[in-house]
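Remarks on the structure that follows.
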Amino acid sequence: MDNGLTTPQRAAVEHFTGPLLIIAGPGSGKTRVITRRIARLVERGVDPRAILAITFTNRAAREMQHRVDALLPGARVWVSTFHRFCASVLRRRADVVGLDSNFTIFDKADQLQVIRHVLKELDMDAVRAQPSKISARISRIKNSFTEPDEFVRTLECRIGEPFDTLVAQVYPLYQSALLESNAVDFDDLLLHVVRLFADNPELRADYDMRYQFLLVDEYQDTNPAQYQLVRSLSVNVPNVCVTGDPDQSIYAWRGATIENILNFERDYPNAQLIRLEQNFRSTGLILRAADRLIAHNRQRKAKSLITDAQDGHAPRLLTFPDGRTEATGIADQVRTLREETGLRWSEIAVFYRVNSMSRELELGFARQRIPFQVAAGLAFYDRAEIKDLIAYLRVIDNPADQIAFLRIVNRPARGIGGKTQTHLQRWANERRVNLLEAARSADQIDGISKTARPKLKMFARMMEGLTLADYGNVSGLLTGIVNKTFFHRTWANVASEQAIEKEANVTELINAAAQYDELDEDDPSVTGFLETTALVNDGDLLDPSAGKVTLMTMHAAKGLEFPCVFVVGLEHGLIPHERAVKSDDPKQIEEERRLLFVGMTRAMQRLYLTTAQVRSVRGKPQLTIPSQFLVETEFESEDGVGFEPDDAQASPKRSAFTEKDLELRKRLKESLGSAERPLLTTGAGLLNGTHDAADLPQLFAIGMRVRHPQYGVGAVTNVTGFGRRKSVTVAFQEPSESHTFDAARCPLQPVGMR
DNA sequence: TGCCCGGTCGTTTTT
DNA sequence: CGACCGGGCA
């Protein structure tokens with residue numbers, strides 16, 4: 001150690017020019033190293049403005065900016081996210097891709113709206129052609145750098161893909177609709193810039209040389225566009241430093257390619273590789289448990305996790321009868337921890353695999369009166385009233401924005417209904433004018449009723465009176481909108497409690513605008529404010545000092561740490577998620593494992609894993625199967641709840657893992673043995689009788705002996721329904737009780753087949 | 001125009 | 001179970 005840095009850390013900080021790959025395990029002080037490295041570069045005489053640091057999240061960018069500021073007060077190093085960086089480049093050169101510099105950034109909801117419009121135009125049914133599926137497909141096509149015409153052409157070579165045939169119709173229209181609205185979606189933000197750089201070598205070289213030093217965080221999660229971007233900024237001046245951890249790659253499902261980090265040394269042959277393996281975050285047993293788990297991934301460069309820390313508390317497994325008890329139990333445990341160990345609420349976090357699990361936990365925490373915050377739910381900028389106001393700003397800033405126009409033209413209600421809007425759109429599209437101009441000319445539009453015409457004109461006139469110039473700044477403009485539109489009429493007929501909340505949200509938005517106004521006092525711009533609102537996410541609004549327990553998905557937890565962490569629902573079908581299991585793709589299971597690894601390694605001192613024996617899935621209680629990952633790691637189990645071996649014996653040993661725990665692991669393994677079989681069922685398996693009941697529900701017959709991973713052996717007493725509805729009732733021997741299962745998915749295994 | 005009913009569907013989601 | 005969407009009706 002020197003300067004508080006380990007040898008590899010110091011090497012990373014001191015590395016000067018040329019490509020550098022930092023493989024940084026969890027809690028290895030990565031951010032610290034990057035910020036120190038930036039400071040060191042400046043110390044060596046590098047102009048701070050020649051340094052560009054790119055992260056994925058605003059939160060990470062903010063954090064890094066903060067720490068750089070602390071080391072280099074006043075230095076103008078640019079720390080940005082991929083998307084903000086691209087937005088900034090694109091605003092300067094929007095003309096090249098056919099946009100105006102005040103283009104709007106469409107969010108997910110806007111995209112779906114565009115697709116719905118396109119489907120309507122094509123006279124297609126939005127039920128059969130699911131907008132969200134189409135949107136996802138378009139995103140994937142785009143990210144493989146395939147332009148609409150190209151996609152249409154490739155499709156001609158392989159007829160017979162009904163969905164892609166549909167997408168081939170929608171994609172070109174979707175893209176031109178964006179262009180007509182002077183808008184981009186999140187993908188475009190990156191892809192336009194990639195194209196810009198590819199088509200304009202001198203522009204690319206200009207940016208490449210402007211940023212002499214490029215630092216990229218979380219490189220394992222870059223997608224092809226981001227990869228291309230990094231490459232194009234490091235040709236002339238290949239001083240590129242990327243950091244990441246292949247073991248924490250959890251966004252492959254979104255198009256991230258882990259190969260980007262694995263191939264870095266191939267892409268930059270003279271790259272230096274530095275590994276940060278020492279963990280400064282977690283205590284020994286937590287780290288060991290995580291290490292054990294991740295060691296099960298085969299597609300992996302072996303990496304060790306080292307710590308000087310003491311063993312500390314072993315991870316614990318808590319088992320509960322059902323999800324509700326689990327929620328209450330966790331809340332109880334949280335309270336106990338606070339009372340006994342002095343942990344503060346804000347030092348405790350609960351992670352789950354899917355957002356839908358937050359509800360039960362929220363209820364549990366509310367029941368136990370424990371303060372909590374959820375990093376999801378209805379994000380501030382997703383609320384209807386906020387979206388409406390933002391839409392007003394969007395139309396004011398970019399009158400071509402059709403989606404925003406259609407959102408507000410009748411909000412609050414002013415008698416401009418669907419029919420009127422359709423005629424307005426048709427007329428505007430024919431003449432290639434924007435909807436606001438069309439509204440101004442309402443008198444000339446056929447099909448629009450006499451009553452609607454003056455209303456449209458009044459609306460257009462009102463919008464003309466709402467400009468930034470008239471109000472001076474964005475918050476003033478927002479206030480003007482609220483007043484001129486009699487915005488409170490929007491919620492004229494909602495319950496007063498909700499109305500108060502909506503009112504408060506509006507005030508909050510105006511406050512946010514006021515904050516923005518202060519920041520950019522000399523250069524107020526609606527575009528700028530809209531960009532900040534478009535590029536925030538739920539996690540950004542979390543307050544780490546709120547004095548509350550934090551609930552979030554494991555994905556959202558990446559990059560964070562908490563003294564105490566609960567990972568809930570360690571069940572087959574949840575972690576690993578059903579979809580990964582069903583895909584039969586070992587890569588997807590490995591990603592699930594990495595996800596759990598990320599979750600576990602957030603914990604500094606205490607880690608709890610929980611399972612419920614019954615979990616309601618879509619309203620239906622289902623018996624659960626323990627996650628296979630439990631067998632792959634190490635933990636202590638709670639006394640007296642679930643999975644206790646019958647021959648329980650006192651455990652005098654003070655080693656972290658008792659006989660009981662070993663026994664428990666053995667049992668988990670056994671139960672998994674039967675659980676996993678249906679996934680592997682083959683024709684051969686059917687023939688030699690090793691198949692599982694789950695695959696052939698029709699085989700259940702009254703009197704048949706079956707085995708259940710938790711309830712043991714029993715006999716079928718009743719079979720009702722058929723097909724997917726089929727259910728089986730089984731009387732178990734001990735404890736002598738009966739349970740009814742969904743035949744298609746229960747983990748019942750026939751024993752002693754006749 | 002807006003409300004209610006019924007049918008459908010259901011990961012994760014840095015931006 | 002619950003959110004969301006579209007259709008039908010007041």
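Keep in mind that this is a model prediction, so the values were computed, not measured. The sequence lines fix the lettering, A, B, ..., with proteins before strands; numbering per chain opens at 1.
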Residues passing the salt bridge (Lys or Arg N to Asp or Glu O under 4.0 Å) test with A:Glu63, sequence neighbours excluded, are A:Arg67
Would you confirm whether the ring centroid of A:Trp253 sits within less than 6.0 angstrom of the ring centroid of A:His577? no
Once you round it to whole Å, what is the distance between C1' of B:dG7 and CZ of A:Arg618? 16 Å
Separation of A:Tyr381 atom OH from B:dT13 atom P, in whole Å? 20 Å
For DNA chain B, what string of dots and brackets results from 5' to 3' when Watson-Crick and G-U pairs need both distances under 3.5 Å, crossing pairs get [ ], and pairs with another strand get |? ||||||||||.....
Which is true for A:Gly415 with a 4.0 Å heavy-atom rule: it touches a base, it touches only sugar-phosphate, or it touches nothing? sugar-phosphate
Within less than 4.0 Å of OP1 or OP2 of B:dT15, is there a side-chain N or O belonging to A:Asn58? yes
Send over the distance from A:Met357 CE to B:dT13 P, rounded to a whole Å. 13 Å
Taking everything shown except A:Arg300 itself, do over 12 heavy atoms lie less than 6.0 Å from its CZ? yes
Looking only at side-chain atoms of A:His83, point me to the closest of B:dT12, B:dT15, B:dT14. B:dT15
Look at A:Arg59 and B:dT15 and indicate whether a side-chain polar atom (N or O) is within less than 4.0 Å of OP1 or OP2. no
I would like to know whether A:Phe629 and A:Leu595 meet side-chain contact (heavy atoms from CB on, under 4.5 Å); could you show each step before the answer? CA-CA 11 Å; A:Phe629 298 148; A:Leu595 186 58; over 6 Å; no
Please work out if A:Phe82 contacts a base, only the sugar-phosphate, or nothing of the nucleic acid, heavy-atom cut-off 4.0 Å. nothing
Between CD of A:Gln421 and P of B:dG2 the distance, given in whole Å, is 11 Å
Would you mind telling me which residue lines up with the more 5' stretch of DNA chain B, A:Met554 or A:Lys419, judged by nearest nucleotide? A:Lys419
For A:Asp185 and B:dT15, give me the distance from atom CG to atom P, rounded to whole Å. 16 Å
Check whether any side-chain N or O of A:Arg116 sits under 4.0 Å from OP1 or OP2 of C:dC5, and answer yes or no. yes
Just to confirm, is there a sub-4.0 Å distance from OP1 or OP2 of B:dG10 to any side-chain nitrogen or oxygen of A:Lys133? yes
Flag as yes if A:Trp253 stacks onto the base of B:dT12 (centroids under 5.5 Å, planes under 30°), otherwise no. yes
In whole angstrom, what separates A:Leu595's CG from B:dT13's P? 10 Å
Base, sugar-phosphate, or nothing: which does A:Arg359 touch, judged by heavy atoms less than 4.0 Å apart? sugar-phosphate
Closer to the 5' end of DNA chain B via nearest nucleotide, is it A:Ile416 or A:Glu591? A:Ile416
Give the rounded distance in Å between these two atoms: CD of A:Gln226 and C1' of B:dT14. 9 Å
Polar pair under 3.5 Å, donor/acceptor by atom type, side chain A:Arg254, base B:dT15: yes
Give the rounded distance in Å between these two atoms: CE of A:Met552 and C1' of B:dT12. 14 Å
Contacts of type side chain to side chain contact (heavy atoms under 4.5 Å, CB included), residue A:Ala413, not counting sequence neighbours: A:Asn410
For salt bridge (Lys or Arg N to Asp or Glu O under 4.0 Å), just list the numbers for A:Asp221 and A:Arg254, CA-CA rounded to whole Å, side-chain angles, deciding distance to a tenth of an Å, and then say yes or no. CA-CA 9 Å; A:Asp221 284 328; A:Arg254 250 192 131 185; over 6 Å; no
Phosphate-side-chain proximity, A:Thr553 and B:dT13, N/O vs OP1/OP2 below 4.0 Å: yes
If we take the P atom in both B:dT13 and C:dC4, what is their distance in whole Å? 15 Å
Step-by-step salt bridge (Lys or Arg N to Asp or Glu O under 4.0 Å) determination, A:Asp388 to A:Arg411: CA-CA 8 Å; A:Asp388 290 341; A:Arg411 191 148 334 167; 3.4 Å; yes
Could you tell me whether A:Ala413 contacts a base, only the sugar-phosphate backbone, or nothing, with contacts defined as non-hydrogen atoms closer than 4.0 Å? sugar-phosphate
By nearest atom, which of the nucleotides B:dT12, B:dT15, B:dT14 is closest to the A:Phe186 side chain? B:dT15
For the CZ atom on A:Arg367, are there more than 12 heavy atoms of other groups (residues, nucleotides or ligands in this structure) within a distance under 6.0 Å? yes
Below 30° counts as parallel, above 60° as perpendicular, anything between as tilted: where do the rings of A:Phe264 and A:Tyr219 land? perpendicular
For a quick check of understanding: with a heavy-atom distance under 4.0 Å over all strands, which category does A:Asp187 fall into, base, sugar-phosphate or nothing? nothing
